[in-house]
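My questions will all concern the structure given below.
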Protein chains: 2
Amino acid sequence: MTDYKDSSGKRLTDYPRPSVAVDTAVLTVSDGQLCVALIETGGGRHRLPGTFLHEAETLADAVRRSLKDKAGIRGLAPTQLHVFDALDRDDRGWVLSVAHSVVVRAASLVGVSVRPVDDATGLAYDHDEIVRLAVARLRDDYRAGPDPFGLLGEHFTLNELQRLHEAIDSKTPRRDTFRRSMVSKLEETGALQIGTVGKPARLFRRIALRDSLR
Amino acid sequence: MTDYKDSSGKRLTDYPRPSVAVDTAVLTVSDGQLCVALIETGGGRHRLPGTFLHEAETLADAVRRSLKDKAGIRGLAPTQLHVFDALDRDDRGWVLSVAHSVVVRAASLVGVSVRPVDDATGLAYDHDEIVRLAVARLRDDYRAGPDPFGLLGEHFTLNELQRLHEAIDSKTPRRDTFRRSMVSKLEETGALQIGTVGKPARLFRRIALRDSLR
DNA sequence: CGAATAGTGTCTCTCAGACACTATTAT
DNA sequence: ATAATAGTGTCTGAGAGACACTATTCG
């Protein structure tokens, strides 16, 4: 297979090939704030987790591999964001970086530095830009429907849902508008929340989880 | 630079590297229809124009280079769509393809086969999917504002603008609604169209062209 | 009871869409 | 005048947002 020749009689491997990396904005909501996981490099700078693509590996697999070390994360569906290809973006050589984002529960992130996205500036390479893209995409996704990445558990109240959406986007509408825009996209479980002050809230369930590729 | 070693003491070139290609959906409006440029391969199949990335070349430059042959096209701002990375997508070997789209005037496309996007199915590789993505993105862009890619000349009437938008998306609203949604995003030139039947139409101008990266 | 939270009735404003009317040209 | 196209007044309905009211629990 590797000595297959193309239309101009060249082997594929005769073409110059860039190194290909993946860099991933790992987003989570912690303490009511939208946060991103950062790694400390030498020199006090921070960067996103990433790795070089291995042989015969898909981009999504490389993302998952690069994150397995940092935290025991499973079942991730990375979202592809953009390819960064500036020739001088990495002084080690010619490297294409395929930016991704993943969304995880805060509890999954152990032993990683987590910082609110607004404070995550001055990162290495073009990682500031990746965070911007990842956050914008996430806000679009959450504007479109209730917790599309399943950060909440199986059942949740509208209050819990709204607090999550507010952490992700402060411009989330207020209680009544939020409720009316979400109920139609949720399923009622019939159960009520217990052990709380005030009128017990109904528990809802997502109708379906979003799938990965877009 | 190429013998710079990374944190684990490896040269960048010690990592396996995929071949990287670009494939581009060249979209145009011809005869009131949204069309895409196709290339005939051997075996009666069709594909999108593409090429392998050359050494020290950006993706956008590779796209422009791959299209310069097919048609004298200049000043293009390719839009990056998605990286296709299935391991078996190219039987010549391990190839990542970065899908792009560009929008050109029909007159620019000489000596290329142009086909309405709805008929452009059964293409080689994952090119059907690329066309789908490119068309969806283009429709989103045109829904957001008047002729964002400048397919019309410098000045145009609202009728001309609407016919263009209708070619791109048949669900374009009708005359009055279309006008009201667009005028606020246009500048009046003060001039009128001449040599036509009926009340002469005002000529408008785009306020600004969109820029490329997203 | 009061405090606290859940849930809803309803008003307003905006905007898209539809329809019909007026305006201005050529023939 | 008639045909043809441009442009606008206005009604309707849907939906977002704001406000205030009712509902149900705990202590």
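Here is the naming used below: chain letters follow the sequence lines, and residue numbers restart at 1 for every chain.
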query: How would you list all residue pairs meeting side chain to side chain donor-acceptor pair (under 3.5 Å) that involve residues 43-53 of chain B, not counting sequence neighbours?
result: Asp23(B)-Arg47(B), His46(B)-Arg115(B), Thr51(B)-Arg65(B)
statement: Atom CZ of Phe178(A) and atom P of dA6(C) are separated, to the nearest Å, by 12 Å
field: Protein-nucleotide distance (Gln193(A), atom CD; dA4(C), atom P), rounded to Å
entry: 17 Å
message: What does the B/S/- profile of nucleotides 18-27 of chain C look like, 5' to 3', with a 4.0 Å heavy-atom cutoff to protein?
response: BB---BBBS-
- prompt: In whole angstroms, how far is the C1' atom of dA16(C) from the NZ atom of Lys171(B)?
  reply: 16 Å
task: List in chain and number order the residues that pass side chain to side chain donor-acceptor pair (under 3.5 Å) with Asp169(B), two or more places apart in sequence or in another chain; answer none if no residue qualifies.
output: Arg143(B)
- prompt: Can you check the Arg143(B) CZ to dG17(C) P distance for me, whole Å?
  reply: 11 Å
Side-chain donor-acceptor pairs of residues 188-203 of chain B under 3.5 Å, sequence neighbours excluded:
{"residue": "Glu188(B)", "atom": "OE2", "partner": "Arg202(B)", "partner atom": "NH1", "Å": "3.4"}
{"residue": "Thr189(B)", "atom": "OG1", "partner": "Ala191(B)", "partner atom": "N", "Å": "3.1"}
{"residue": "Thr189(B)", "atom": "OG1", "partner": "Leu203(B)", "partner atom": "O", "Å": "2.8"}
{"residue": "Gln193(B)", "atom": "NE2", "partner": "Glu160(B)", "partner atom": "OE2", "Å": "3.2"}

message: Nearest whole Å is fine: how far is dG7(C) P from Glu188(A) CD?
response: 8 Å
query: Can you name the side chain to side chain contact (heavy atoms under 4.5 Å, CB included) partners of Ala167(A), sequence neighbours left out?
result: Val29(A)
- request: To the nearest Å, give me how far apart CD (Gln162(B)) and P (dG7(D)) are.
  value: 12 Å
- request: Taking only the side-chain nitrogens and oxygens of Asn159(A), find out if one of them lies under 4.0 Å from OP1 or OP2 of dT5(C).
  value: no
- request: Measure from CZ on Arg179(A) to P on dG9(C) and round the result to the nearest Å.
  value: 11 Å
Contacts of type side chain to side chain contact (heavy atoms under 4.5 Å, CB included), residue Val103(B), not counting sequence neighbours: Leu138(B), Phe149(B), Leu151(B)
message: Students often mix this up, so state it plainly: with edges at 30° and 60°, are the rings of His127(B) and Tyr125(B) parallel, tilted or perpendicular?
response: tilted
field: Spacing of Lys185(A) atom NZ relative to dG15(D) atom C1', expressed in whole Å
entry: 12 Å
